[in-house]
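Below: the structure, in structure tokens.
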Amino acid sequence: MSAAMPPNGIRHALVLGGGGAVGLSWMAGVVIGLREAGVDLTLAERIVGTSAGAVVGAAIAAEVDLSLLLRRPSADNPEAPPINFDPNAFGEIMGILATPGLDANEARRRAGARALEMTAGIDPADHIARIGGFVGHTDWPRRDLRITACSVTTGELQVWTPDGKATLPEALAASTSVPGVFPPIPIDGTFYIDGGMRSPINADLAAGAERILIIEPLAHLFPHSPSDRDLGGAATTFIVPDAGAIAAYGPDLFNTAALQPAYEAGFRQGKEAAAAVREIWPAA
């Protein structure tokens, strides 16, 4: 490894992608499997989180127990009520985003506007409470943590940091507000939707780091954005679901019955990937 300081002063960055509830469970399994095999992801100097990856990233940055992310909805866990995934609503949103010839920002703006209409009777505070409850704390960790969302007003990327106007639960709720599933989240007078609408990983936010580890739950479903190739020459390592994990996921990324199988697949993959990751990651 080069002794020279990388362009942004960061040697190791961690990028965590979107994945719904099932992808979140897989990703938590990967992180815990890596940890048990001696790879400490809290040593990342920058953490970029998108959607489910924002929740996992916030937990890693705050060094909280990742088992908090694996709780199931129950009477003892009211902040995480069951999620009713409507494939037709989500399909309509994805159709808007894929409109031929439409500018990407305009497509996201239209998708966000339609999401507001679809979820007009749902209180965004419920989703803020749900996501904040998963992480188990409300304060931003004093780390270089970057959480992505998209503005409904402009369609542009919004990156939340500890110094921004969003509380941590608000930022996490905005990043995980899958349009057509959850309501857009109001922050400082603007509504926001899932950062995965811009890219499933938003890896360019780690550009300039010397080494980037990307854990990508939906690599088999969604292509990268052109911006994800703009990494400033960083050496990049990926962990993506293998065939066993994909089978464990099933077709519904919010299916509670798939959470434990996805976690177990991720835990297995984390242990399997540990030897390769240790070669590029700082020692604990």
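Taking 4.0 Å as the cut-off between side-chain N and carboxylate O, E264 and R268 do not count as a salt-bridged pair. Under a 4.0 Å N-O distance rule, the pair R142/D163 qualifies as a salt bridge.
A donor-acceptor pair under 3.5 Å links the side-chain atoms of S175 to the main chain of S51, judged by distance alone. S151 places a side-chain N or O within donor-acceptor distance of the main-chain N or O of T154, the cut-off being under 3.5 Å. D242 places a side-chain N or O within donor-acceptor distance of the main-chain N or O of A245, the cut-off being under 3.5 Å. Between the side chain of N202 and the backbone N or O of D228 there is no donor-acceptor pair closer than 3.5 Å. Proximity of a side-chain donor or acceptor of S177 to a complementary backbone N or O of A173 within less than 3.5 Å is not detected. With hydrogens and angles disregarded, a donor-acceptor distance shorter than 3.5 Å links the side chain of T176 to the backbone of L172. Side-chain atoms of Y263 do not come within 3.5 Å of backbone N or O of V30 as any donor-acceptor pair. Looking at R143, its side chain does come within 3.5 Å of a backbone N or O of T42 through a donor-acceptor pair. Using a distance-only test at 3.5 Å, with no hydrogens or angles considered, no donor-acceptor pair links the side chain of R109 to the main chain of E156. Using a distance-only test at 3.5 Å, with no hydrogens or angles considered, a donor-acceptor pair links the side chain of H12 to the main chain of I280.
Below 30°, between 30° and 60°, or above 60°: for W26 and Y249 the angle between ring planes is above 60°, a perpendicular geometry.
When the ring-ring contact (aromatic ring centres under 6.0 Å, His included) test is applied to F191, no partner is found at least two apart in sequence or on another chain. Applying the ring-ring contact (aromatic ring centres under 6.0 Å, His included) rule to F182 yields the partners H127, F254; only residues at least two apart in sequence or on another chain are considered. Among residues two or more places apart in sequence or in another chain, the salt bridge (Lys or Arg N to Asp or Glu O under 4.0 Å) test is passed with D103 by none. With sequence neighbours left out, the salt bridge (Lys or Arg N to Asp or Glu O under 4.0 Å) criterion links R108 to no other residue. Residues satisfying the side chain to side chain contact (heavy atoms under 4.5 Å, CB included) test with T167, not counting sequence neighbours, are P169, E170.
Clustering ILVMFWY residues whenever any of their side-chain heavy atoms sit less than 4.5 angstrom apart, transitively, puts I122 in a cluster other than the one holding Y192. Hydrophobic clustering places I215 together with L43 (ILVMFWY residues linked when any side-chain heavy atoms are closer than 4.5 Å, directly or through intermediates). Residues V64 and V31 do not share a hydrophobic cluster, defined by chaining ILVMFWY side chains whose heavy atoms lie under 4.5 Å apart. A chain of hydrophobic side-chain contacts below 4.5 Å, direct or via other Ile, Leu, Val, Met, Phe, Trp or Tyr residues, connects M197 to F222. Residues I201 and V159 share a single hydrophobic cluster, defined by chaining ILVMFWY side chains whose heavy atoms lie under 4.5 Å apart.
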**OP:** Start with the C-alpha gap between R198 and D204, add the side-chain angles, then the distance that decides, and say whether salt bridge (Lys or Arg N to Asp or Glu O under 4.0 Å) holds.
**Re:** CA-CA 11 Å; R198 188 245 190 184; D204 56 314; 2.8 Å; yes
Subject >> Verdict with supporting geometry, L213 and L41, side chain to side chain contact (heavy atoms under 4.5 Å, CB included) >> reply: CA-CA 9 Å; L213 174 62; L41 296 187; 3.7 Å; yes
Subject >> Residue pair L34, D40: steps toward the side chain to side chain contact (heavy atoms under 4.5 Å, CB included) verdict >> reply: CA-CA 7 Å; L34 287 170; D40 183 0; over 6 Å; no
Subject >> side chain to side chain contact (heavy atoms under 4.5 Å, CB included) between E216 and F238, worked out >> reply: CA-CA 7 Å; E216 186 176 1; F238 286 85; 3.7 Å; yes
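Put simply, the side chain of V178 does not reach to within 4.5 Å of the side chain of I193, judged on heavy atoms. Taking 4.5 Å as the limit, every side-chain heavy atom of P179 sits out of range of all side-chain heavy atoms of P184. Using a 4.5 Å cut-off on side-chain heavy atoms (C-beta onward), M118 and L116 make no contact. Using a 4.5 Å heavy-atom threshold, the side chains of V152 and T190 count as separate.
Shortest non-hydrogen contact noted between V15 and A206 is CG2-CB, 3.8 Å. Minimum interatomic distance between I147 and A54 (heavy atoms only, all atoms of both residues): CG2-CB, 3.8 Å. Nearest heavy-atom pair, A203 versus L231, reported as atom, atom and distance to 0.1 Å: O-CD2, 3.3 Å. Closest approach of P217 and M27 over heavy atoms only: CG-CE, 3.6 Å. The shortest non-hydrogen separation linking D194 to G196 is OD1-N, 2.6 Å. Between G33 and K271, the shortest heavy-atom contact is O-CG, 3.6 Å.
Within the model, atoms CD1 of I212 and OG1 of T236 stand 4.5 Å from one another, a figure rounded to the nearest 0.5 Å. Taking CG from L145 and CD1 from I47, the interatomic distance works out to 6.0 Å, rounded to the nearest 0.5 Å. A distance of 11.0 Å separates CG of L253 from CG of L24, quoted to the nearest 0.5 Å. For the atom pair CD (E45) and CZ (R11), the distance works out to 7.5 Å, reported to the nearest 0.5 Å. To the nearest 0.5 angstrom, I32 atom CD1 is 5.0 Å from L66 atom CG. Interatomic distance, L16 CG to I214 CD1, rounded to the nearest 0.5 Å: 9.5 Å.
Judged by distance alone, the side chains of T50 and T148 do bring a donor and an acceptor atom under 3.5 Å apart.
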Distance-only donor-acceptor hits, side chain of residues 87-98, under 3.5 Å, sequence neighbours excluded:
| unit_1 | atom_1 | unit_2 | atom_2 | d |
| --- | --- | --- | --- | --- |
| E92 | OE2 | R114 | NE | 2.6 |

